[in-house]
Amino acid sequence: MPSRISDSCRPHHSQKHFDLNSIKELPESHAWTSSNDHYTQENSCNFESIPVIDLDNNNNNNNNNILDHIGHACKKWGAFQIINHSISEKLLQDIEVAGKTLFSLPMQQKLKAARSPDGVTGYGAARISSFFSKLMWSEGFTIVGSPIEHARQLWPKDYNKFCEVIEEYEKEMEKLAGRLMWLILGSLGITKDDVKWAVGPKGETKEGCAALQLNSYPACPDPGRAMGLAAHTDSTILTILHQNNTSGLQVYQEGNGWITVPPIPGALVVNIGDLLHILSNGSYPSVLHRAVVNRTRYRLSVAYLYGPPSGVRVSPLSKLVDHRHPPLYRAVTWSEYLGTKAKYFDKALSSVRLCVPLNGFTDAKDHKGVQVG
Ligand SMILES: C=C1C[C@]23C[C@@]1(O)CC[C@H]2[C@@]12CCC[C@@](C)(C(=O)O1)[C@H]2[C@@H]3C(=O)O
Ligand SMILES: O=C(O)CCC(=O)C(=O)O
Ligand SMILES: [Fe+2]
């Protein structure tokens, strides 16, 4: 698969590797308080969560109905769950087993596949850790394309099963991500004719670039003071997330605060990323989200981070731009934007913004009152 995601990430501050599974008391290094990193753990009491959308046309009156649902979800929440998405339960189970098998290896073994300081793939702490003074209660493993090199380091004799599952998952997710991208763009009145870079000579959707992120959140002795994965937006067009049966993902909604996304067996979560924010000229803002942890339960999530093909410069779609709606962002490739994100983190989107309106309007992304870095 064509996957050139540049190695443009900011190097990590050096960090001891904690075996989170064996820690009985939250270390100071992992204790988040309101005085560092503007941390807020309080949840609002919400009865509403992100919409659940059935992708099976037969269960909806017509395709327009799905487009309306999707459009509403993207505008109001920046995220939604999908059911009847065509990813088999077996594959979802297999990827969970593959993730659990990986993270339950001894630390020494996992470190054989450690992500290099300026690299993208492999085992390590969340990449955004360098923006925070406290450490997160999680471990991650990033895969781009074939996982074989790292899998060989982890299981020298027995890496095939892991690779097969990952590759099957990537293949199925690629198809689903393309379909979702067209549905989301369709809800804005955009067709294949409007996005030349996404369409091949036979009218097929061009393969995008993607990364697969496995996230592991061990049970935590003091979850109220810990953070699984700090608040961020994804630098993607969209992200498809599978979470095991333990809740932890929360999305931020202006006026309502942090809203938990409850795991629904078999459902997948779709998040709008920064590149769709740019493509839609701000109509579909990327969603601020985070993962909190749990005292008794282990949590695993698998994020498929989907972006445009390598080298494509993404900018606000011309159909969404006119004299009353000038382009708000300059053109960027995914690799360039990832570099910007690695440097500016939550200010990345503003840093590629073209015109700042006279009324001092801030980016939807600046999420007034929620500081993330
Ligand atoms: C393609 C990518 C998006 C990502 C950086 C990466 O190179 C691979 C990991 C991705 C991830 C997953 C967890 C949250 C996130 C912000 C991070 O630190 O690593 C995202 C990155 C992103 O979307 O910017
Ligand atoms: O674990 C989760 O629910 C969130 C993961 C996430 O946001 C990511 O991998 O980008
Ligand atoms: Fe994310």
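Every heavy atom of this structure was used, including side-chain atoms; hydrogens, water molecules and symmetry mates were not. Counting starts at 1 for both ligands and their atoms, in listed order. Remember, predicted model here, so these are calculated numbers, not experimental data.
Environment of CZ in Arg313: sparse, with no more than 12 heavy atoms of neighbouring residues, nucleotides or ligands closer than 6.0 Å. Heavy atoms from other residues, nucleotides or ligands lying under 6.0 Å from CD of Glu149 number 12 at most.
Of all protein N/O/S atoms, those under 2.8 Å from the Fe ion (ligand 3) are His232 NE2, Asp234 OD1, His289 NE2, and waters are not counted.
Contacts with ligand 2 closer than 4.0 Å are made by side-chain heavy atoms of Leu241 only, the backbone lying farther away. The proximity of Ile128 to ligand 1, defined as any non-hydrogen pair under 4.0 Å, involves the side chain as well as the backbone.
Between Glu168 and Lys171 there is a salt bridge, since a side-chain N of the basic residue sits under 4.0 Å from a carboxylate O of the acidic one.
Assignment of Arg299 to the shell around ligand 2 is supported, since a heavy atom sits closer than 4.0 Å.
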Test side-chain contact (heavy atoms from CB on, under 4.5 Å) on Leu135 and Phe18 and set out the steps.
CA-CA 10 Å; Leu135 296 175; Phe18 287 82; 3.6 Å; yes
One pair to check against salt bridge (Lys or Arg N to Asp or Glu O under 4.0 Å): Glu336 and Arg330. What are the steps and the verdict?
CA-CA 12 Å; Glu336 185 192 345; Arg330 69 174 176 82; 2.9 Å; yes
Using the side-chain contact (heavy atoms from CB on, under 4.5 Å) rule, take Leu183 and Leu55 through it: C-alpha gap first, then chi angles, then the decisive distance, then the call.
CA-CA 10 Å; Leu183 284 170; Leu55 288 192; 4.0 Å; yes
Val270/Leu180 under side-chain contact (heavy atoms from CB on, under 4.5 Å): CA gap, chis, key distance, verdict
CA-CA 9 Å; Val270 180; Leu180 284 164; 3.8 Å; yes
Under the side-chain contact (heavy atoms from CB on, under 4.5 Å) criterion, do Tyr159 and Leu154 qualify, and how do the steps go?
CA-CA 8 Å; Tyr159 51 85; Leu154 294 169; over 6 Å; no
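Numbered from 1 in the order shown, with element, the atoms of ligand 1 that lie under 4.0 Å from a heavy atom of Asp234 read 23 (O). Interface of Ser235 with ligand 1, defined as ligand atoms under 4.0 Å from a residue heavy atom, comprises 22 (C), 23 (O), 24 (O). With ligand atoms numbered from 1 in the order given, ligand 1 contributes 1 (C) to contacts under 4.0 Å with heavy atoms of Ala211. Close approach to Trp334 involves these atoms of ligand 1, each under 4.0 Å from a residue heavy atom: 1 (C). Heavy-atom contacts of His232 reach the following atoms of ligand 1: 14 (C), 16 (C) (cutoff under 4.0 Å). Atoms of ligand 1 found under 4.0 Å from any heavy atom of Val120 (numbered from 1 in listed order, with element): 7 (O). Distances below 4.0 Å separate heavy atoms of Leu229 from the following atoms of ligand 2: 5 (C), 6 (C), 7 (O), 8 (C).
Taking distance alone, with nitrogen or oxygen atoms compared against 3.5 Å, Asn215 approaches ligand 2 more closely than that limit. Where the criterion is an N or O separation shorter than 3.5 Å, residue side chain and backbone included, Asp234 meets it with respect to ligand 2.
Taking each of Arg127, Arg290, Gln213 in turn, the one with a heavy atom nearest to atom 12 (C) of ligand 1 proves to be Gln213. Of the listed residues (Asn215, Thr121, Leu305, Asp346), the one carrying the non-hydrogen atom nearest atom 10 (C) of ligand 1 is Leu305.
Residues Asp54 and His69 bring no donor and acceptor atom of their side chains to less than 3.5 Å of each other. Asn215 and Gln213 are linked by a side-chain donor-acceptor pair at a separation below 3.5 angstrom, with hydrogens and angles left out of the test. Defined by atom type and a distance below 3.5 Å, a donor-acceptor pair is missing between the side-chain atoms of Thr142 and Tyr123.
Looking at residues two or more places apart in sequence or on another chain, you find a side-chain contact (heavy atoms from CB on, under 4.5 Å) between Lys75 and Ser283, Tyr284.
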